[in-house]
Number of protein chains: 2
Amino acid sequence: MRKLRRHSEVPEATIHRLPRYLEKLKLLQAMGVEDVSSRQLAESLDIKASQLRHDFHYFGGFSRPGRPYQVGKLVPALETIIGVSEPQPVAIIGAGHLGQALANYANMDVQGFPVRGVFDANPRLVGLEIRGQPVRDMDSLEDVISQEGIRIAILTVPAPFAQAVTDRLVKAGIVGIVNFAPTDLKVPKTVAVRNERLAVGIMALSFKVKCILEGDCGVE
Amino acid sequence: MRKLRRHSEVPEATIHRLPRYLEKLKLLQAMGVEDVSSRQLAESLDIKASQLRHDFHYFGGFSRPGRPYQVGKLVPALETIIGVSEPQPVAIIGAGHLGQALANYANMDVQGFPVRGVFDANPRLVGLEIRGQPVRDMDSLEDVISQEGIRIAILTVPAPFAQAVTDRLVKAGIVGIVNFAPTDLKVPKTVAVRNERLAVGIMALSFKVKCILEGDCGVE
DNA sequence: CGCCGCCTGTCAACCGGTTGACACCCGATT
DNA sequence: AATCGGGTGTCAACCGGTTGACAGGCGGCG
């Protein structure tokens, strides 16, 4: 990376693609691939090569011009850009099925986001072990966050509690929240929120399905 | 709805907002609200009023001009557009934590997507009851899909199995797939896929968090 | 009855993101 | 050494989506 422009200039759409680049590149790395051209990489991700180059262009040169990208250099560069060059501990608030699923499913540790605290208000869940992590009482929320230096929280509590929990998180020094509750959270501008609305996905799909079934899609 | 244009002409971005409109409107309906202006509705969703009107404009007139929207008419109209005017039965493939979470969490029934079949290859999960639904063996996949008339499937199996399961689903007549596996699925053009990549969300957030912590965001 | 405030439908300008084109660079090969 | 194939960096045109502006409709009130 030669000249790194200010992050604020990177378009939203590009940011969302970075994780996919990293994911694929790690895969290639694990397969022992050393070089990869923009065309190869783009095709495997089903996007245009010009777009990929354009995206990388925001961060300066990843390769000597005229030569393909070197996987070994790209991976750490992307990790630095995304902010996972060193592990980012996260907390999961709400140990219901979704919370548990996230702790297991996306195996967060490998992705660079080790889970360092799982919390729930339900006394019946508190004490339960998930992946070697005890489910903690909400009382200890602030303490654990500051002790572990947690910056990112994942919210998987029922919608009615989401805002109250959020307020506590913000006070405790959390800087980023992934919100799975179907509510819009109010936070100061210094906190980033990403809403992950599961229901929207299936509804958008339903629209397209209707479209297909009615032969109303332009695809004849 | 007077003149309904072809669905294919509705921009992607608008489609993704429709579910949010519906969600909010249902809420208002439950509160007994009868009329709502574009400004009120837009503000509560944190978008511009002009955009909301523009979105609705794709589907013709929802109100007599000069008068606010009538919640009672908007809700069924949106339901028809999205395709949930009558329940859309869905199947969940993969009864791990994520599959279970989805069956419970987003209470699909209320959203118009009653779960009519939960499947898993793991014999230890088969037979388990989830919300009154038995977890079924994969063998019965095709039968249940055709008997229940299921059109939409939710994929929550581990990535290595995703494509194989998808092929079976397509053959069985599934038209839409919500894919939670971190893999790109290959499907015929007559099948709609929506990828729901949980890991991308947290990484995009991490980028912004880094941004905030380094004071590199334009917001001073 | 006429005016006024509020509302929607509609359009045109604007903006960000995507895409194609091309200049330039490199290593291999003849 | 010159050439050739394949690669990246970069830019400008293009396109879809967003936003602001405004014409016209409706009901309430003086």
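Order of the sequence lines fixes the chain letters, A, B, ..., with proteins taken first and strands second; residue numbering starts at 1 for each chain. Please read these numbers as outputs of a predicted model, since none were measured by experiment.
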Nearest-Å distance for atom pair CZ/P, residues A/Phe59 and D/dG9: 13 Å
In whole angstrom, give the distance that lies between atom CD1 of B/Ile15 and atom C1' of D/dG16. 13 Å
Counting the atoms with a prime plus P, OP1 and OP2 as sugar-phosphate, which does A/Ser50 contact under 4.0 Å by heavy atoms, base, sugar-phosphate, or nothing? base
If the cut-off is 4.0 Å, is B/Tyr69 near the phosphate of C/dG9, judged by side-chain N/O to OP1 or OP2? yes
Taken to the nearest whole Å, CZ/B/Arg53 to C1'/D/dG25 is 14 Å
Base, sugar-phosphate or nothing for B/Arg67? Non-hydrogen atoms, less than 4.0 Å. sugar-phosphate
Shortest side-chain distance from B/His54, nucleotide among C/dT19, C/dC11, D/dG17: C/dC11
Does this structure show an ion pair linking A/Arg20 with B/Asp184, if we count only N-O contacts that are shorter than 4.0 Å? yes
B/Phe56 has an atom CZ; how far is it from atom C1' of D/dT19, in whole Å? 17 Å
Please determine whether a side-chain nitrogen or oxygen atom of B/Tyr58 lies at a distance below 4.0 Å from atom OP1 or OP2 of D/dG16. no
For B/Arg168 against B/Leu141, the heavy-atom pair lying closest together: NH2-CB, 3.8 Å
Residue-phosphate contact under 4.0 Å: B/His57 side-chain N/O, C/dG9 OP1/OP2: no
Among C/dG20, D/dG7, C/dT18, which nucleotide has an atom closest to any side-chain atom of A/Arg39? D/dG7
Could you tell me the separation between the CG atom of B/Asp55 and the P atom of C/dT10, rounded to a whole number of Å? 14 Å
Could you tell me the separation between the CG atom of A/Asp35 and the P atom of D/dT8, rounded to a whole number of Å? 10 Å
Any donor-acceptor N or O pair under 3.5 Å, side chains B/Asn179, B/Arg194: no
Between D/dT10 (P) and A/Leu52 (CG): distance, integer Å: 15 Å
Taking the minimum atom-to-atom distance to the side chain of A/Pro68, which one of D/dG17, C/dC7, D/dG7 wins? D/dG7
Closest to side chain of A/Gln51, choosing from D/dG9, D/dT18, C/dT19: C/dT19
So, is A/Ser38 close to the D/dT8 phosphate, meaning a side-chain N or O under 4.0 Å from OP1 or OP2? yes
Indicate yes or no: does B/Lys208 engage A/Glu12 in a salt bridge with an N to O separation below 4.0 Å. yes
Nearest-Å distance, NZ (A/Lys48) to C1' (D/dT8)? 19 Å
Ranking D/dG17, D/dT19, D/dC11 by distance to the side chain of B/Ala13, first place goes to D/dG17
side-chain hydrogen bond (donor to acceptor under 3.5 Å, both in side chains), that's the test. Do B/Asp167 and B/Gln163 meet it? Break it down for me. CA-CA 6 Å; B/Asp167 295 341; B/Gln163 185 61 55; 2.9 Å; yes
Which nucleotide in D/dT8, D/dT19, D/dA21 has an atom nearest any side-chain atom of A/Ser37: D/dT8
